[in-house]
Amino acid sequence: MGPDSSPGPAVPWRKVLWVRQPFPDNYVDQRFLEELRRNEGIRQYRYWAVVKEAVLVGQQLSCVAIFIALWLYMEQGLLSPEALLWTSLSCALLGYGLYQALRPQAGSGCEPRTRWADLQSAAIFLSFTFGFSPVLKTLTESVSTDTVYAMSAVMLLAHLVSFPYAQPSPPGSLSLNAALFASVCLASRLPGALHTFAMLSCALLMFALWPCLLQRIRENAPGQFAGVCVVVCIGGVGGLVFQWMEGAVLLALALGSVTLLCPLLLVRLQRHKDNIQGPWDEAEIREDLDHFLH
């Protein structure tokens, strides 16, 4: 009921519920819209700033494309497992050195991991993976190839959807497990146990270790972050060109849409945003109530 819906009584109206007043429950006076606020706290986005953040999504999509391209090369016998292992080892050593070089100087209050601890973790993983490679190779023998491919596609999609783009390091457990599950499914369709071991090692490098290095570059070398992501995107498209031309075209279109078109739409549509706040909103408790819970 509006301000003119009832005759104005002599008693002034107050916006309280704990006092009995000679007004209907839905009565408001002429001051009702004076507290109207529009677009309060709306963040203004700039196009290139949004593109710089969106390129992280594109590079993760390209990482999946690179992994699929490597699997296609190995499945067709164009890439030997020894070459993939040596390449992965070289990239791992180079990335670890860069990760250590970009370590912040100021202490964060927690004891950093030592190189000996990192070496132990790598040795344990490689040993277990190499030992279980014959088992993983025969893990999906009773499952049809179409089912394996379908499961791999669903898991890689789940990896992309659940990936923590705001804070890639460490990668989320759901995202990492989905990627490793897809890697096991695809690696089980390769010719030998050494192929499976090489593919799983490459999967760990791309889906577990690379996000940590990327986050370190993002925090300590922001000027080179966008360039690194662009290089990964180019590598993803280039890796699919010689094996799956249609996939390379689809990937290029997806990268263009995610990194260029979607930020443009976000910035253009922002001018049409019209959020209103006022006395009709629910009350918000802004006080810290933790001391009441103890």
Side-chain angles (χ1 to χ4, degrees), residues 39 41-73 91 95 98-99 102 152-172 174-176 178-179 182-183 202-203 205-275:
N39 296 334
I42 296 298
R43 180 181 177 183
Q44 298 296 327
Y45 294 100
R46 293 180 299 174
Y47 176 71
W48 290 111
V50 179
V51 169
K52 186 177 180 180
E53 296 297 326
V55 76
L56 178 61
V57 182
Q59 76 83 30
Q60 194 62 30
L61 185 62
S62 299
C63 284
V64 174
I66 292 174
F67 180 78
I68 294 176
L70 291 175
W71 179 83
L72 288 174
Y73 279 108
C91 293
L98 183 59
Y99 185 84
L102 293 176
S152 302
V154 171
M155 289 297 103
L156 290 176
L157 180 61
H159 163 74
L160 292 174
V161 171
S162 60
F163 187 80
Y165 296 99
Q167 187 73 22
S169 176
L174 177 59
S175 176
L176 180 59
S183 304
C202 180
L205 185 66
M206 297 184 62
F207 299 124
L209 301 181
W210 168 245
C212 300
L213 176 59
L214 192 65
Q215 180 64 19
R216 182 65 63 88
I217 297 175
R218 188 183 190 181
E219 293 175 350
N220 301 304
Q224 287 73 37
F225 172 74
V228 172
C229 293
V230 170
V231 171
V232 175
C233 293
I234 294 175
V237 176
L240 290 177
V241 165
F242 300 103
Q243 289 293 323
W244 186 23
M245 180 59 69
E246 296 82 0
V249 173
L250 291 176
L251 177 61
L253 293 176
L255 292 176
S257 300
V258 169
T259 59
L260 298 177
L261 181 59
C262 290
L264 179 62
L265 292 177
L266 176 63
V267 174
R268 289 291 180 88
L269 294 176
Q270 190 180 19
R271 68 184 67 175
H272 302 291
K273 184 182 290 291
D274 189 17
N275 292 340

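Numbers here are sequence positions counted from 1. Every heavy atom of this structure was used, including side-chain atoms; hydrogens, water molecules and symmetry mates were not.
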Minimum heavy-atom separation for [X] and [Y], please, with both atom names.
X: Arg218; Y: Tyr165; answer: NH1-O, 3.2 Å
X: Pro263; Y: Val50; answer: CB-CG1, 3.4 Å
X: Thr259; Y: Val55; answer: CG2-CA, 3.8 Å
X: Ser183; Y: Ala179; answer: OG-O, 2.7 Å
X: Cys212; Y: Tyr99; answer: O-CE1, 3.7 Å
X: Phe67; Y: Met206; answer: N-CE, 3.9 Å

Q | Leu156/Ile68 under side-chain contact (heavy atoms from CB on, under 4.5 Å): CA gap, chis, key distance, verdict | A | CA-CA 10 Å; Leu156 290 176; Ile68 294 176; 4.1 Å; yes
Measuring from [X]:[atom1] to [Y]:[atom2], what's the distance to the nearest 0.5 Å?
X: Gln215; Y: Trp210; atom1: CD; atom2: CH2; answer: 12.0 Å
X: Ile234; Y: Gln59; atom1: CD1; atom2: CD; answer: 13.0 Å
X: Leu70; Y: Cys202; atom1: CG; atom2: SG; answer: 5.0 Å
X: Leu213; Y: Leu205; atom1: CG; atom2: CG; answer: 9.5 Å
X: Gln270; Y: Tyr45; atom1: CD; atom2: OH; answer: 7.0 Å
X: Leu214; Y: Cys63; atom1: CG; atom2: SG; answer: 8.0 Å

Q: Give a yes or no on whether the backbone of Ser175 and the side-chain of His159 come within a donor-acceptor separation of less than 3.5 Å.
A: yes
(Q) Could you go through Leu56 and Phe225, starting from their C-alpha distance and side-chain angles, then the distance that decides it, and tell me whether this counts as side-chain contact (heavy atoms from CB on, under 4.5 Å)? (A) CA-CA 9 Å; Leu56 178 61; Phe225 172 74; 4.0 Å; yes
Q: For the pair Leu61 and Val57, evaluate side-chain contact (heavy atoms from CB on, under 4.5 Å) and give the outcome as yes or no after the intermediate values.
A: CA-CA 6 Å; Leu61 185 62; Val57 182; 5.8 Å; no
Q: For the pair Lys273 and Leu269, evaluate side-chain contact (heavy atoms from CB on, under 4.5 Å) and give the outcome as yes or no after the intermediate values.
A: CA-CA 7 Å; Lys273 184 182 290 291; Leu269 294 176; over 6 Å; no
Q: Check the surroundings of atom OH in Tyr47: do more than 12 heavy atoms from other residues, nucleotides or ligands lie under 6.0 Å from it?
A: yes
Q. Does the side chain of Val237 come within less than 4.5 Å of Val249's, by heavy atoms?
A.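 With C-beta onward as the side chain, the pair stays apart.
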